[in-house]
Amino acid sequence: MRRLTVGALACGFFLATAAVIPASARPPGFVDAERMQAAAAEPDNWLATGRDNQGTYYSPLTRINNKNVGKLGFAWAYDLGTYRGQEATPIVVDGVMYTSGTWGYVYAVDAATGKQIWRYDPQATHLAARHPCCDLVNRGVAVWKGRVYVASVDGRLHALDAATGVEVWEADTVIDHKMPYSSTGAPQIAGRVVVIGNSGADMGKGGVRGYVSAYDLDTGTFKWRVFTVPPEPGHAYESPALAAAAKTWDSPRDPKYKLGGTAWDGFAYDPALDLVYFGTANAAPYDSRQIGPSNLDELYTASILAVKADSGQLAWHYQPTPHDHWDFDAVQKFVMADLLIDGKLRQTIMQANKNGFFYVLDRKSGELLSAANYTYVTWASHVDLKTGKPVVTEQADWTKKPSNLYPSWAGGHTWNPMSYSLTTHLVYIPVLDVPNIWVDMANNGGSVKYIDGFFTVNGIMPDDLYAPADLRGMFGPLPDKASLVGTRKEKLVRELLRAWDPVAGKTVWEHETSTGVRGYDGGVMSTAGNLVFQGRGSGELWVYAADTGKVLKTIPTGSHIMAAPTTYTVNGEQYVAVQAGYGGAAITVGSIPQSSAAAQYQNNNRIIAFKLGGPAVPTPAPRVDAPIRKPPQQTASKAGIQAGEARFVQECSRCHVLGPSVTPDLRNLAPGLHAAFKDIVLRGAVAPTGMEAFDDLLTEKDVEDIHAYLIDQAWQAYK
């Protein structure tokens, strides 16, 4: 009966524009192709993750503008009930906000008050907590014809009733649960299907095999699957495209290497061309010498692909980073726009790629139109526009000795959304001007030979806390800080907001948002009110003039902001809202930065909404870290402690750091946890908290050594 009602309304909708039908006449969460096409005529709503079909993160709203934004203040807050990273941008349809959070939870709230309408728990399996490279984050939902679609971290795709949050159908998208697959990206609606990818290219000893799957919107029936890299040698190719790709990989090769190329975020869809666009992740492993001796391109890793929405058949591909061994995923979010290039109007798709170059491609053919570096780049001198390939520098080779390269494995730009203003025609990019020292751990003389998430290579960030002498035992000789500082006028590590002209290929204005130590600043939104919004790790929402970059407003929130904001109108009142919470990749590289709001306040994950005339934003309670307890007596030898340090770095450091973080500080375990340490690590005694058993990777001796290392670190902190 519900489908008949929605269908009847849909038929009526086809006969009128979206603006004619009042919100009261639509069922909750009703968005369809006609409404998306007319998104510009519905400035009150934010209908998709990037607001519109083009993924612009731009709103036509002007009630809040560069003349009055100084009056912007607090409207409401909604507690998400978690304490991990928040990376989603909420969707708002007819006064209801839909969004996702940790594990793949889904929330529906009144967009004017923040009052909860419903909340959905996907009941994700505990084992999935081990699989994401970068915390239990989720980057958003899709809303379509009365349903909300989300991927939970364990790789299941869920369709929920938008009115009630009741599950309509569920599909398991993982082809092999023995492999470290997970899903953290937002689903993409594409014609009659919903499309989702997965992550895991970095994980395990040999990564996973990347693919993208499509499911029927109504029933969840599996429709098609596109693999992005060839199967193991000797296995049949699933498509002619994979047969062609196989020629760009060494063969025979060890079957434990699954080659990577996952599609973990950043999908787009052009309904006129009926093409789905997605980028793929790094090759697995980064060190291609483990696969074979040839210097081949390794398709379709670190690539941009366009496939037909009805079949998954490859339409075209472009590879920004052939033979990737720097972790230069191409999964950053796309923006589609019609641009006047060389006097001709071109239908383009744009990406600020992780490798530091801004690509403009013809979205019908994949032709490369331009590629200019939008951040400092040393691994390549430029992109040859005739071949489409980067010209790699000698410095890019880390196999002979450690090499400091820009950008880092985090990229010149990563998952944090950029925004394209239809007013200024500028792209606003959250830029990482950050390097890392690539170290061949297998051959550099250190005790650590492998790190889960990095394989046999490690990227060490030389920020203000960089201490090569402390790292030498684990990773071997590293460049001293002075030799690195002398290579640049600027700080080695910076974050910036850059306004970028995509046609001219140059920066129009910029602001430095953090320096010295990465601040994990947020994604960007722009509006027709001549405004650009970006949250910062330090806890403020910053507002700039879109044309000049002038700072117009800074609002302290007390919450670390990584996600991009959304804006919408309810009953004539314009709101700006953003999800806040520290986590994600930030937890994999050390303790909470002192510049982060999460170092000063409790990391309560929440949605914060703003409106004109509102008061100051209430801050969370101050963060109070318990003093280090007196540890148990150390009984291990020095050799055992050193072995434990190496095993901790290899298998545990992706989620745990020894200091304040969103995961427990393992230097400060209670006596009962010390007593149960082996049961926790090997047998999953506290699995419901997300700490699954590691008996497949660690032996009893490994766990004893790790425990000894933690006790040693606890005594140092205690004293």
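Sequential numbering from 1 along the given sequence is applied to the chain's residues.
- Between Glu232 and Arg253 there is no salt bridge, since no side-chain nitrogen of the basic residue lies less than 4.0 Å from a carboxylate oxygen of the acidic one.
- Between the side chain of Arg209 and the backbone N or O of Val229 there is at least one donor-acceptor pair closer than 3.5 Å.
- The backbone N or O of Ala636 lies less than 3.5 Å from a partner atom in the side chain of Gln634, making a donor-acceptor pair.
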Using salt bridge (Lys or Arg N to Asp or Glu O under 4.0 Å), reason through Lys401 and Asp440 one step at a time and then give a plain yes or no. CA-CA 7 Å; Lys401 64 178 182 178; Asp440 181 355; over 6 Å; no

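- Here Asp433 pairs with Arg488 in a salt bridge; the nearest charged N to carboxylate O distance falls below 4.0 Å.
- Aromatic ring centres of Trp118 and Tyr107 lie farther apart than the 6.0 Å criterion allows.
- The distance from the CD atom of Gln86 to the CD1 atom of Ile561 is 12.0 Å, given to the nearest 0.5 Å.
- Residue Ile680 holds its CD1 atom at 7.5 Å from CE of Met691, rounded to the nearest 0.5 Å.
- Gln290 and Thr456 share a side-chain donor-acceptor pair at under 3.5 Å.
- Between Asp705 and Arg647 no salt bridge is recorded (no basic side-chain N to carboxylate O distance below 4.0 Å).
- Side chain of Arg156 to main chain of Pro122: a donor-acceptor pair is present (N/O by atom type, distance under 3.5 Å, no hydrogens or angles).
- In plain terms, the two heavy atoms of Ala714 and Ile628 that are nearest each other are O-CG2, 3.8 Å.
- Both tests pass for Arg119 against the ring of Tyr105: distance under 6.0 Å to the centre and angle within 45° of the axis.
- Separation of the His325 and Trp398 ring centroids falls under the 6.0 Å cut-off.
- Judged purely by atom type and a 3.5 angstrom limit, Gln579 uses its side chain to pair as donor or acceptor with the backbone of Ser100.
- Tyr709 has its side chain out of reach of Ile706: every pair of non-hydrogen atoms, C-beta onward, lies at least 4.5 Å apart.
- In this structure, Asp79 and Arg606 approach most closely via the heavy-atom pair CA-CB, 4.2 Å.
- A side chain to side chain donor-acceptor pair (under 3.5 Å) check over residues 458-484, counting only residues at least two apart or in different chains, returns the pairs Asp464-Lys491.
- More than 12 heavy atoms of other residues, nucleotides or ligands shown are found within 6.0 angstrom of OH on Tyr211.
- No hydrogens or angles considered: a donor-acceptor pair under 3.5 Å links the side chains of Trp264 and Asp329.
- In this structure, CH2 in Trp438 is found 10.5 Å from CD1 in Ile460, a value given to the nearest 0.5 Å.
- Shown here for Ile437 and Asn404, the closest heavy-atom pair between the two residues is CG1-OD1, 3.5 Å.
- Between the CG atom in Asn355 and the CG atom in Leu405 there is a gap of 12.5 Å [rounded to 0.5 Å].
- A donor-acceptor contact under 3.5 angstrom links the side chains of Gln123 and Asp121, judged on distance only.
- Residue Ser183 comes nearest to Thr173 through the heavy atom pair OG-OG1, 4.2 Å, listed as atom of the first residue, atom of the second, then distance.
- Considering all non-hydrogen atoms of both residues, Val439 and Phe475 come closest at CG1-O, 3.6 Å.
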Full working for side chain to side chain contact (heavy atoms under 4.5 Å, CB included) between Tyr406 and Asn436: CA-CA 7 Å; Tyr406 284 83; Asn436 64 239; over 6 Å; no

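- Arg536 places none of its side-chain heavy atoms less than 4.5 Å from the side chain of Leu541.
- Between Arg139 and Thr184, the side chains place a donor N or O and an acceptor N or O closer than 3.5 Å (distance only, hydrogens not considered).
- Between Tyr120 and His158, the ring center distance clears the sub-6.0 Å criterion.
- Under a 3.5 Å cut-off, the side chain of Glu495 and the backbone N or O of Val431 do not form any donor-acceptor pair.
- Taken from CD1 in Ile711 to OH in Tyr718, the straight-line distance is 14.5 Å, to the nearest 0.5 Å.
- Contact annotation: the side chain of Asp172 approaches that of His177 to within less than 4.5 Å [non-hydrogen atoms, C-beta and beyond].
- Looking at heavy atoms from C-beta onward, Val578 lies out of side-chain contact with Ile607 at the 4.5 angstrom threshold.
- Within the 4.5 Å cutoff, the side chain of Ser199 has heavy atoms near those of the Ser182 side chain.
- For the pair Thr557 (side chain) and Gly539 (backbone), a donor-acceptor distance under 3.5 Å is present.
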Under the side chain to side chain contact (heavy atoms under 4.5 Å, CB included) criterion, do Glu170 and Leu157 qualify, and how do the steps go? CA-CA 6 Å; Glu170 172 189 310; Leu157 182 62; over 6 Å; no

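- Side-chain atoms of Val681 and Leu698, non-hydrogen and from C-beta on, do get closer than 4.5 Å to each other.
- Looking only at distances, no side-chain donor or acceptor of Ser288 sits under 3.5 Å from a matching main-chain atom of Ile291.
- Although no hydrogens or angles enter the test, the distance criterion places a donor-acceptor pair under 3.5 Å between the side chain of Asn416 and the main chain of Met562.
- The residues Asp176 and Lys178 are annotated as not salt-bridged, no charged nitrogen and carboxylate oxygen being separated by less than 4.0 angstrom.
- Within the 3.5 Å criterion, the main-chain N or O of Gly446 finds a donor-acceptor partner in the side chain of Lys449.
- Separation of atoms CG (Asp521) and OG (Ser538) is listed at 6.5 Å; rounding is to 0.5 Å.
- Contact check for Ser447 versus Gln642: no side-chain heavy atoms found under the 4.5 Å cut-off.
- A donor-acceptor pair under 3.5 Å links the side-chain atoms of Asn603 to the main chain of Tyr582, judged by distance alone.
- Thr262 and Asn198 share no side-chain donor-acceptor pair at under 3.5 Å.
- A donor-acceptor pair shorter than 3.5 Å can be found between the side chains of Asn282 and Asp202.
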Assess whether side chain to side chain donor-acceptor pair (under 3.5 Å) is satisfied between Asp154 and Tyr181, documenting all intermediate values. CA-CA 7 Å; Asp154 54 4; Tyr181 284 106; over 6 Å; no

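- Side chains of Arg494 and Val434 form no contact here, defined as non-hydrogen atoms less than 4.5 Å apart.
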Decide yes or no on side chain to side chain contact (heavy atoms under 4.5 Å, CB included) for Tyr520 and Leu432, but give the supporting numbers first. CA-CA 9 Å; Tyr520 295 90; Leu432 300 177; over 6 Å; no

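- The two residues Ile608 and Ala580 have their closest heavy-atom pair at CD1-CB, 4.2 Å.
- In this structure, a donor-acceptor pair under 3.5 Å is absent between the side chains of Asp665 and Asn668.
- Aromatic rings of Trp409 and Tyr286 (six-membered ring for Trp) have centroids beyond the 6.0 Å cut-off, not under it.
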Hey, mind stepping through Gln534 and Thr513 against side chain to side chain contact (heavy atoms under 4.5 Å, CB included) and telling me if it holds? CA-CA 10 Å; Gln534 184 191 28; Thr513 60; 3.8 Å; yes

